[in-house]
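Only heavy atoms go into these numbers, but all of them, side chains included; no hydrogens, no water, no symmetry mates. Note that the numbering runs from 1 along the sequence shown for the chain. Everything numeric here is computed off the predicted structure, so don't read it as measured data.
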Amino acid sequence: MASVNTESAKPGDMSLGHFGVPEFGWRVPLDHEFPEKWGALKYLRFLQMIKLIPTICRYFKFIQKMKALGRRPFIDIVPVSFKRIYGVPIGGIGCGAINRGWKGEFCRWSLTPGIYTYDIVEVNQFTVRIQRPDQPVYQQVLYPGQVSSQHLAQSWQWQFPGNQAQYHGLYPRAWTVYRIPDQDVTLVCRQVSSVFPHDYSDTCLPVGVFVWEIHNHAPAPVDVSIMFTWQNGIGAASDRNGGRWNEAFCTEGAEGSSEASVVGVLLHDDQPINRCTMGISAASQEGVKVTHCAAFNPSANADALWEDLLEDGHLNSSTDPAPKSQEGELTAAAVCASCQVGDKSQSKMEFVLAWDMPRVHFKSKGQSYLRRYTRWFGQDGKAAPRLCSHALRNYPQWEEAIESWQRPILEEDFYPAWYKSALFNELYFMSDGGSVWLELQEDRANGSPAGSNSTPDRPCKMAKLRKDVGLFAYLEGHEYRMFNTYDVHFYASFALTMLWPRIEISLQDFIGSCVSVTDDESYSQLANGKQATRKLADCIPHDIGDPEEEPWKRINGYYQHDTCQWKDLNLKFVLMIYRDFYQIQDLVFLREMYPKCKTVMETAKLQDIDDDGLIDNSGMPDQTYDAWVMTGASAYCGGLWLAALRCMVEMAHILGHDTDASEYSAILDKGKVSYEAKLWNGKYYNYDSSHSPLSQTCMADQLAGQWYLRACNLARDQTGADIFPANHVRSALETVYRTNVLPFREGRFGAVNGVKPNGRIDCSTMQSEEVWTGVTYGLAASMIQEGLVKEGFQTASGIYHTCYERAGLGFQTPEAIMLKQAFRSSGYMRPLAIWAMQWALENRHKQAALEDAVKSPGENCNGNI
């Protein structure tokens, strides 16, 4: 970051832009209070509750069964405690994450696959010491709150004035600017994680860098020290189990280079599995002295550490080995960087937090897996010093990559400010969504589902891709613990296919390998008590497994419904396969996936009960809206079916399967007629064809199939005819905007899932009256693709304004919000669908450029478009 001229300014006179903080992002003062009181959904309407009583009873029995097996259920029936504190997480993709709240606390931990803890570790803080000649020493914890630990509260100086600091989040970076006018000093902490597009090495690293810039506004030098304290553990009860120990380390810079030395402390645990070593460190370089305290007990002798820093701005860097902690005892460490900042100038200090958990097990304690970063940093559990050094050496290049990625979007005047913030900040889920990125070990059978009948002679290119990329998975949500939940990934996947397409292709390759898999386990569905088989052949899995079992080996961890009978999963596979091919234009991938698409389409064809060219819903929960049943032809599943048929026709043409293309075209032609005849009501497509009192509900997500077709420029068939009549598409979207968006909170709430013809919300089910955040983003993308750009931005803005500005749900965007200021399932995958909006915007630009080129080919085109 370029140096800032502070010659004529006082700290209170400067905007955040003076300190290198970008203009766009999520920004709040540290004393901010959200204007509305929200909470997790706890109560349903009476009729909804009556319908769910049998399910709830079965679920409580299921919980007891899981408890007896030493496992948690796949969904938390009791929501996690709602806190309005979260900020940009620290860490790369798939290596575990630590969330740092916007006030500065480290407050959400997901280092062990599938397990979250939500404790604030109070000793994990930055403290500043400032000394000017002939003035009292200023020493302050840079946190505006008070702490519950009586010893820490009495020993350290807390409650930094919140109105003198501001937080700015723009994932994967965050800034906190602390103004200390009494000292004529401004501190700027820049938090950096190594996440940027099309990178498959540094993006997976378990590190976070904290770059501190000290701005001295006074005409005299000042001595400044910043201390980083860290507890050995994650704030859980296991922190007191004993057997933890710390040791100092120092990594010298390369001989003959200007690289800084790295000084820090390693914090080891003694866990038998999922063992983790954390490292805190700072760069020792010209003008910056680094000292450390290898061990102190934050519950007993934290005051000694405080006094040590207060005395001279350094810590007593003892090299004596610290003993292992005893049962009931906590241990922590500290690293301190000190420098003198000249008059009216600035200096910089650099800290790193790293964690090395190279080998992980899932709850089943089956085989172990290696994290992806071990490919470069080893699997011996001794990588923390190298990770710290690598981060300090490379973070400037990471920031260059981040800025080159974000700059074109941030500088686009056409995009609203809220959208620029939401687009990047919703990506928090890529690291904080329980993601795991693991090595595919050749000596193990991992990466192949149990019961797989797939042949080993897979195309060389695809086999190499899976080996190169490894295994990637992310949770459906913090409370909904299933990996790669496919009906939801349908919405979220635009982020992966745009930013890390090799991960997306590898994920799809594994899903394709599951088509032929069978799992004969019989279970009682929680929704209705009927028996079902866990996985049948020739269908797409709902998910690739529960972290309480063995993901990739035991797929379909969702016991709520018989997802083998779901109507949308097979169709979504076809749509995503073509969308991904459209993005990467790789015929090897298409050839590999086409037979699997054909297989699942054959299964889907059997769901056309009356041979009208449309599949039929069963009147039971059989798609992603699993509490909102559809009967007969439905706008949602019927539209997905027609879109999948269109994709099959296109794929068959590309691959030269003319007979297949003709067959799918014939079904498509018949289905189009039935879809219009059964569902079009003159303004929009009815919810379903059941002729029930609620069959004419206007569903926000009714055009999901058209959304995908337009995203891939397939909205017309081979003859040029619309799959869905263009005037009907436009009318339906305008109706949704008018009835599902505008009437609620002045159109700043998102799209309510279901609205009856009289304008009232369909309250027949919990899901019909919810606003689904990811569905709203997908709907907005569809609007943009159809030319309703203003309406699309207005629709999507309601999610951002509600979650980030009114409710305090930032960096934990839920699956659903409701008008009664309640939410369901915080920290959810589907809001990543905001990247479908960016896809739509970029696709419009490409199409406009193509049209301009067709009208007047330039010299570089040679008339060949």
Side-chain angles (χ1 to χ4, degrees), residues 90-91 95-100 105-112 115 117-127 141 147-149 151-152 155-156 206-208 210 227-250 262-282 291-306 308 315-336 351-358 360 381-385 387-388:
I90 303 161
C95 57
I98 301 171
N99 192 281
R100 185 169 184 244
E105 61 272 83
F106 294 84
C107 50
R108 185 166 66 211
W109 312 74
S110 57
L111 303 186
T112 301
I115 295 178
T117 55
Y118 299 88
D119 297 296
I120 297 173
V121 183
E122 295 177 333
V123 75
N124 293 359
Q125 292 290 346
F126 287 97
T127 297
V141 180
V147 294
S148 60
S149 168
H151 184 76
L152 283 176
S155 304
W156 294 12
V207 297
F210 301 93
M227 179 175 70
F228 186 22
T229 47
W230 195 262
Q231 182 172 301
N232 191 329
I234 58 173
S238 59
D239 292 0
R240 296 180 180 270
N241 286 350
R244 296 178 181 268
W245 75 102
N246 309 334
E247 62 174 325
F249 76 92
C250 178
V262 181
V263 177
V265 181
L266 302 177
L267 301 93
H268 306 281
D269 67 27
D270 199 22
Q271 302 294 318
I273 61 171
N274 296 332
R275 182 171 295 175
C276 180
T277 293
M278 292 188 174
I280 57 171
S281 63
T291 54
H292 67 268
C293 172
F296 71 95
N297 186 336
S299 298
N301 61 354
D303 49 348
L305 179 75
W306 184 264
D308 186 15
L315 299 179
N316 180 18
S317 299
S318 172
T319 58
D320 296 337
K324 288 189 176 182
S325 62
Q326 301 299 308
E327 186 174 357
E329 183 181 32
L330 295 173
T331 182
V335 173
C336 177
F351 294 81
V352 177
L353 168 65
W355 54 96
D356 181 23
M357 185 186 285
V360 297
K382 300 178 180 179
L387 285 166
C388 290

Are side-chain heavy atoms of P385 and V262 found at a separation under 4.5 Å? no
Please report the shortest heavy-atom distance between P272 and R275, naming the atom on each side. CA-NH2, 4.3 Å
For the CZ atom of R108 and the CD1 atom of I234, what is their distance to the nearest 0.5 Å? 13.5 Å
Under a 4.5 Å cut-off applied to non-hydrogen side-chain atoms, are M278 and N232 in contact? no
Let me see the working for W306 and V141 under side chain to side chain contact (heavy atoms under 4.5 Å, CB included), right down to the final yes or no. CA-CA 10 Å; W306 184 264; V141 180; 3.8 Å; yes
Any donor and acceptor pair, going by atom type alone, linking the side chain of Q231 with main-chain N or O of V121 inside 3.5 Å? no
Per the side chain to side chain contact (heavy atoms under 4.5 Å, CB included) rule, which among L267, T331, D270 passes with R244? T331
4.5 Å side-chain heavy-atom contact, N274 and M357: yes
Any donor-acceptor N/O pair, T291 side chain to N316 backbone, under 3.5 Å: no
Just wondering, are more than 12 heavy atoms of other shown residues or ligands nearer than 6.0 Å to CD in Q326? no
Apply side chain to side chain contact (heavy atoms under 4.5 Å, CB included) to the pair C276 and Q271, showing each step before the final yes or no. CA-CA 8 Å; C276 180; Q271 302 294 318; over 6 Å; no
Given side chains that start at C-beta, do those of R240 and L330 come closer than 4.5 Å, heavy atoms only? yes
What verdict does the side chain to side chain contact (heavy atoms under 4.5 Å, CB included) test give for H151 and D303, after you've listed the backbone C-alpha separation in whole Å, the side-chain angles of each residue and the deciding distance to 0.1 Å? CA-CA 8 Å; H151 184 76; D303 49 348; 3.7 Å; yes
Got V265 and F228 here, is their nearest side-chain heavy-atom distance under 4.5 Å? no
Using every non-hydrogen atom in the two residues, find where T229 and A334 come nearest and quote the distance to one decimal. CG2-CB, 3.7 Å
Between atom SG of C336 and atom NE2 of H292, what is the distance when rounded to the nearest 0.5 Å? 11.5 Å
Quick one: list whatever passes side chain to side chain donor-acceptor pair (under 3.5 Å) with S299, sequence neighbours left out. none
Applying side chain to side chain contact (heavy atoms under 4.5 Å, CB included), run through L305 and L315 and close with a yes or a no. CA-CA 8 Å; L305 179 75; L315 299 179; 3.8 Å; yes
Measure up the H268 and W245 rings against each other and bin them: parallel (under 30°), tilted (30 to 60°), perpendicular (over 60°). parallel
If you measure from OG on S317 to CG on D308, what distance do you get to the nearest 0.5 Å? 8.5 Å
Rounding to 0.5 Å, atoms CG (D356) and CG (L111) come to a distance of 11.5 Å
Sequence neighbours left out, what passes salt bridge (charged side-chain N to carboxylate O under 4.0 Å, His left out) with D269? Give chain and number order. none
When you compare the side chain of F106 with that of I98, does any pair of heavy atoms fall below 4.5 Å? yes
Side chain to side chain, L353 and F351, heavy atoms closer than 4.5 Å: no
Taking the side chain as C-beta and beyond, is there a heavy-atom pair between N246 and W230 under 4.5 Å? no
Using the six-membered ring wherever Trp is involved, compare the ring planes of F296 and W156 and label them parallel, tilted or perpendicular (cut-offs 30° and 60°). tilted
